[in-house]
Amino acid sequence: MVSDRLSIGLALRSFFLLVSLALLAYALVTTHWYVVEVLLLLLVMAQLTEIIHALTRTNREIARFLDAIAYDDTSQSFTGLSRQAPYRDLGAAMGRVMDRLREGRSEREEMGRYLAAMLAHVPVALIAREEDGRYVLLNTAARQMFGLPATTKLDPDRYGIEFRTGLDQLKAGARRLLHLELSGSMIAVKAAATSFWARGEHRTLISLQNIGDELSAQQLDAWHSLIRTIAHEVMNSLTPISSLSQTARELVATVQADLPEGGEPHRTLGDALEALDAVARRSEGLLHFVQNHRRLTQRMTARPEDTLLVRVFARMERLLGPEMAARGIEFARSCSPETLKLRVDPELLDQALINLLRNAMEAVAGHLEAKIQLSGEALPGGEVAIRVSDNGPGIAAELREQIFIPFFTTKQQGTGVGLTLVRQIASLHGGSVTLGEYPGRGATFTLRLPA
Ligand code: ADP
């Protein structure tokens, strides 16, 4: 169709040129009509110019069209061409191609925006390893994980040598558990890699998922249901034992009181009374113990409010400062910035800090130059880190995983409930609690809570 009109146009032009040439030749050979000959010559020249102009116009428009495709320039328009009869079909065809290009481009842009929004919102941190071994942060979750809100560059050396080598050795298709050191805490992440080509370069896409919190939540759930079941069974059997032993003791005491005055005290009754007394006391003690532990599994609810961290710290000092001073423990607290606020349930935060500070006090007991430090800091990712550090003996590597397990304790009078509660309170607020990696140099517990 396009070529039909153009060819018809060209054929007609050529035909008229030939006619004009034939007339000119005839006039030259057979006549001396000079004026007519000059006019015919001018006509031939005009027709030739018109043909050359027509050919160069098509070439120019085709070149412009191909350039527009090559440079993805969808702003070019060919409507001028389609207004001229011989080029109408060519102009219309070029216009249709440009419309398709425009549509394709806007679809690509839309898809790009959609992918960018998805990338920004996936909760998994994504980073890419370039061909030259450099790492770049790809999404908001990655920037939050590494506390680098305003950059795309990542220097893995800053997060521990183990993390760096683990990341470098991660091959496409592989998964492994890595530990990274962040603000004095160790965080467990599940890393998975896949490779892709982008702009002629081979890159590796790496996803990092913080599984510390997930593990804790699952462990807590498992412990909760176990404790709930045991507590239920034990309480069912223990309650009648406790009340029956009380009743039996009272009965024996009444019988003993009814014995004739001045007579010999009944030895067997006396022994029975003591035995029943012991049973009653023990079962009462056991009931308390079970009830206490059942508290752990009861659903805690947080009533978060904007809380000024310095106020919480001041409360801790008022509460535990005198006891620390009496035991010769130096207590220091700092908050950066002083106006640091976070949205938490203040009572629960108090409870968590009391547990951590009490542990620290027990850890430094009897140490010379015992020191405990309580500090708060705003993290770049919009979180707040609260640290409780002591210069006690620290925690042995083999115990690090166990200390958060409910009822795990190394103390004679310990319950093993303190850290479990701290973890429960942290996860209730969408945060976490981790132990710093400083064996032999005391212990540092870090509570990370959303601001
Ligand atoms: P409890 O204090 O009753 O033992 P926790 O859950 O609070 O229970 O602590 C569990 C264990 O973690 C402790 O028995 C102790 O071994 C260890 N631990 C906790 N905090 C510290 C600390 N600051 N320094 C050394 N060990 C600690």
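Order of appearance sets the numbers: ligands from 1, and atoms from 1 within every ligand.
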* Asked: Rounded to the nearest 0.5 Å, how far apart are CD1 of I386 and CG of L342?
  -> 5.5 Å
* To do: Please report which non-hydrogen protein atom sits nearest to atom 24 (N) of ligand 1, along with the residue it belongs to and the distance in Å to one decimal place.
  => A363 CB, 3.4 Å
* What residue and heavy atom of the protein are closest to atom 2 (O) of ligand 1, and at what distance? -> K411 NZ, 2.7 Å
* To do: Check whether any heavy atom of P393 sits under 4.0 Å from an atom of ligand 1.
  => no
* Verify the distance criterion only: is there a donor paired with an acceptor across the side chains of E284 and S242 at less than 3.5 Å? => yes
* Hey, looking at atom 11 (C) of ligand 1, which of V364, I403, T420, V422 has the closest heavy atom? -> I403
* Could you tell me whether R358 and E362 have a side-chain N and a carboxylate O separated by less than 4.0 Å? => no
* **Salt bridge D67-R64, side-chain N to carboxylate O under 4.0 Å** => no
* Asked: Are E347 and R303 ion-paired here, with the side-chain N under 4.0 Å from a carboxylate O?
  -> no
* Would you say G416 contacts ligand 1, with heavy atoms under 4.0 Å as the rule? -> yes
* Interfacing atoms of ligand 1 (cut-off 4.0 Å, heavy-atom, G414) -> 3 (O)
* Should you measure from each heavy atom of G394, which atoms of ligand 1 turn up under 4.0 Å away? -> 25 (C)
* Spell out, as yes or no, whether a donor-acceptor pair under 3.5 Å connects the side chain of H429 to the backbone of D345. => yes
* Structure fact -> protein heavy-atom neighbour closest to atom 4 (O) of ligand 1 works out as T409 OG1, 2.5 Å
* **Taking atom 7 (O) of ligand 1 as the reference point, the nearest protein heavy atom with its distance** => N359 ND2, 2.8 Å
* Between F445 and ligand 1, find which residue part has any heavy-atom pair under 4.0 Å and reply side chain, backbone, both or neither. => side chain
* Asked: Judged by atom type as modelled, is there a donor-acceptor pair below 3.5 Å linking the side chain of R448 to the main-chain atoms of E383?
  -> no
* **Atom CZ of R134 with >12 non-hydrogen neighbours under 6.0 angstrom** => no
* Around atom 5 (P) of ligand 1, find the nearest protein heavy atom and jot down its residue, atom name and distance. => L419 N, 3.6 Å
* To do: Note the single closest protein heavy atom to atom 10 (C) of ligand 1, along with its residue, its atom name and the distance in Å.
  => F408 O, 3.3 Å
* To do: Give a yes or no on this: more than 12 heavy atoms of other residues, nucleotides or ligands lie within 6.0 Å of atom CD of E131.
  => yes
* Residue portion contacting ligand 1 (non-hydrogen atoms closer than 4.0 Å) for D390 -> side chain
* Structure fact -> Ranking L357, V417, T410 by closest non-hydrogen atom to atom 15 (C) of ligand 1, top hit is T410
* To do: Answer yes or no: is there a side-chain heavy-atom contact under 4.5 Å between M111 and E107?
  => no
* Under 4.0 Å, heavy atoms only, figure out whether ligand 1 is touched by the backbone of I395, its side chain, both or neither. => side chain
